[in-house]
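Residue indices begin at 1 and follow the sequence shown. Counting starts at 1 for both ligands and their atoms, following the listed order. Hydrogens, waters and symmetry mates are skipped; everything else that's a heavy atom, side chains included, is used.
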Amino acid sequence: MELFADIIVDISCKKLDQTFQYRIPETLKSSLEPGNVVEIPFGRGNRMTKGYVLRITDYPSCPLEKMKWIEAVATDFAGTDSKLTALALWMRDYYGCTAVQALRTVLPFRQKAAVKEKRTVTLQVSHQEAQQKLELFRHKHQAARARLLEALLEDPMLPYEVVTGSLKITPSVLRALEQQKLISCEHKQVYRRPELLQNLGTSAQDRVILNYEQQEIVDAIESEWEEKEIASYLIHGVTGSGKTAVYMELIARTVARGKQAILLIPEISLTYQNVLRFYHRFGDRISVLHSRLSQAERYDQFERARQGDIDVMIGPRSALFTPFQKLGMIIVDEEHETSYKSEQVPRYHARETARKRAVLEGAKLVLGSATPSLEAYYEAQMGESRLFTLKERAAGGMLPEVITADMREELKAGNRSVFSRILTEKIGERLKRGEQVMLFLNRRGYAGFVSCRSCGHVMKCPHCDVSLSLHQGRRLVCHYCGYEEPAVGKCPTCGSPFIGGFKVGTQQVVELVQQAFPNARILRMDADTTKGKDGHAELLRAFAQRDADILVGTQMIVKGHDFPLVTLVGILAADLSLNMSDYEAAERTFQLLTQAAGRAGRGKMPGEVVIQTYEPEHYAVACAAAQDYDSFYEQEMRYRQLAGYPPLGDMMTIHCASEQEQQLGLAVTYLAKFVRQLAGRRGVTVIGPADETVSKVNDVYRKAMYLKHADFKVLTSVKNIVEQYVEMNEGFKDISVQFERR
Ligand code: ADP
Ligand code: ZN
Ligand code: ZN
């Protein structure tokens, strides 16, 4: 029986985003598998091209005389199995990219990396015999041979480079001694090991005995392990509640069943200490991926997983695509983190994609967070996943006490500094007691919003309920719908002239703290001070070693390390992220404030947190101060419901970009008209078009449009029609149009 392969051609082009069928030659019939990369003749000129095998069938889709043959399996490519290919195709449909873009993401190491070899020279005879030979060589004045034997008598296995390098032994001498069976030269393929895993000590296991709450989670999952092949869980545990210990136990049980596990963690918490904990428990059976690995190192880690050389992969987003043969569990730690969303096409979310992979592989999915995303919590509420709660810190510490400082009151009292009086006083106390302080300047998503320092009023879009951004100091612009108004000189609510943008940066904060406390030793941590390879880790290490009293930083300081001596955390501008022009602003703010507050009092001493804000009554600030997730969730869901934002409604963004500003403007206007007609009939709400938050990048102009509907399928159907419209329309020749969920 003849077999045929449905193949996606490895050329990223919308028009080629379909399969082509090829005949499978007899020689490949038994070995070819979905996920393989093959060489195929393509197009009129039959140019050799690479393609991905999606499916093998015995049913030809066109007359055989018209069908071309597969030339060969591409040997310089790494294939993967059919489940990962299926995952890529799901990504294509779900995130609206081409199959090739999705396949390239799932199979990121297209070029097989050169194999790294370790060569050694070993002594093959007894010590005594070697000693006799050595005498003989010395007697015959064969200096090189003598030198080598001498060295081997000391260390019977030497690296080849040492032998040919510092010992200066030539290959001909080595050959001669090998013939005499005195030594042997061996080649061994070795996998490159990530730097984080090198020179890990073998200190005692710091294995903890799970407390009652932790054990309950493990038991609950265990009890339904066999009956439910696919299951999904959410662990809502306050910072320090011991989620990592639970992950370890769950991973151990997965491995005991002969399966493998992937643990996703945000890049920033991929620290030496964290990896060490896993290494102590699982030893050489773990590997890590991180952004500083070379292509070859990454390839080797994936290869180890494929070969069954490891059981556990730890890493950020891309570790999700580790080609384990029997994947049993995927854990997503800090699942609310924005770094799980890819900023490049395909703009996939690792949490959503992990859920899909878990379903395809029959694996368990475990999400964990101190501040779950609304999506994850909503799913748990709807019964799609099972919720567990850890309310107390595992090591016994108390949750910190939170004080809110109303900055409007400070201004009224004549204090125009960036520090409230209470924060200044508390910093002074800590310095006197020799304890440490973290000052967190919240600059996330800062897009130049305008607020009143007297009453806290924020200039907002009357249509979208997100804050307006100041452009060139003159215009206030909404980045959802394009609404504009002139900048104001006086607050429309209270008439105060103290209205404007917030301009303080970390460097300025450091200067101001230094002025107030000339003797304090201060470290600064932001994108500028952490540029070097290990800048980030080094700064944290210095602070942990008490090289400084105060650490000033951006969101980078919010997670990762435990600093037992930090007893005070100051949050300087809680509102900054509250007013970014995005429907998720409140959620991000609540998460940041809660996580930042969680840094205080991680040791034996109790901690305090001062939240400085112009909007203490805003629920995101108030709930973070009260450490009350449920109340935040309830109020935020009310807002999402009213405005139709996810997770209660679904949203699709149409990104349009071009170097030609005028053409872009024109095309987007036409597109909007077309989309509105389509949308109206389907009950889809259209917002925009408007400039994107960053409206011009590398001379490319960017505009966006948003579609809202309760059902994502309806949005997809609109997308499909819009795609055709764009493809057929000449006006979009030089314009890139991309679709993004949310
Ligand atoms: P999370 O991941 O929830 O922030 P961790 O797992 O990092 O919390 O645990 C915080 C601290 O508590 C760690 O120092 C850990 O060793 C300790 N810890 C965790 N579980 C226990 C336990 N059952 N008994 C004692 N200490 C524990
Ligand atoms: Zn005002
Ligand atoms: Zn608007």
Could you list the atoms of ligand 1 found under 4.0 angstrom from a heavy atom of T244? 2 (O), 5 (P), 6 (O), 7 (O)
Heavy-atom distances under 4.0 Å are what count here, so tell me which part of I209 touches ligand 1: side chain, backbone, both or neither. backbone
Residue part near ligand 1, for R277, under 4.0 Å between non-hydrogen atoms: side chain
Kindly determine whether E335 and S373 satisfy side chain to side chain contact (heavy atoms under 4.5 Å, CB included), including the steps that lead there. CA-CA 7 Å; E335 58 78 27; S373 63; 2.9 Å; yes
Does G240 come within less than 4.0 Å of ligand 1, judged by its heavy atoms? yes
Taking atom CD1 of I217 and atom CD of E222, what is their separation to the nearest 0.5 Å? 14.0 Å
Ionic contact status for E615 with R408, cut-off 4.0 Å: no
Nearest heavy-atom pair of P492 and I499: which atoms, and what distance? CD-CD1, 4.2 Å
Got a salt bridge between R281 and E249, using NZ or NE/NH1/NH2 to carboxylate O under 4.0 Å? yes
Close approach of R393 to ligand 1, heavy atoms, under 4.0 angstrom: no
Ligand 1 and S241, any nitrogen or oxygen pair closer than 3.5 angstrom? yes
Salt bridge between K426 and E401, side-chain N to carboxylate O under 4.0 Å? no
What atoms of ligand 1 come within less than 4.0 Å of a heavy atom belonging to A245? 6 (O), 20 (N)
With heavy atoms only and a cut-off of under 4.0 Å, state how L210 meets ligand 1: side chain, backbone, both or neither. backbone
Distance filter under 4.0 Å to N211 heavy atoms, resulting ligand 1 atoms: 23 (N)
Rounded to 10 degrees, what angle sits at the Zn ion (ligand 2) between C452 SG and C494 SG? 100°
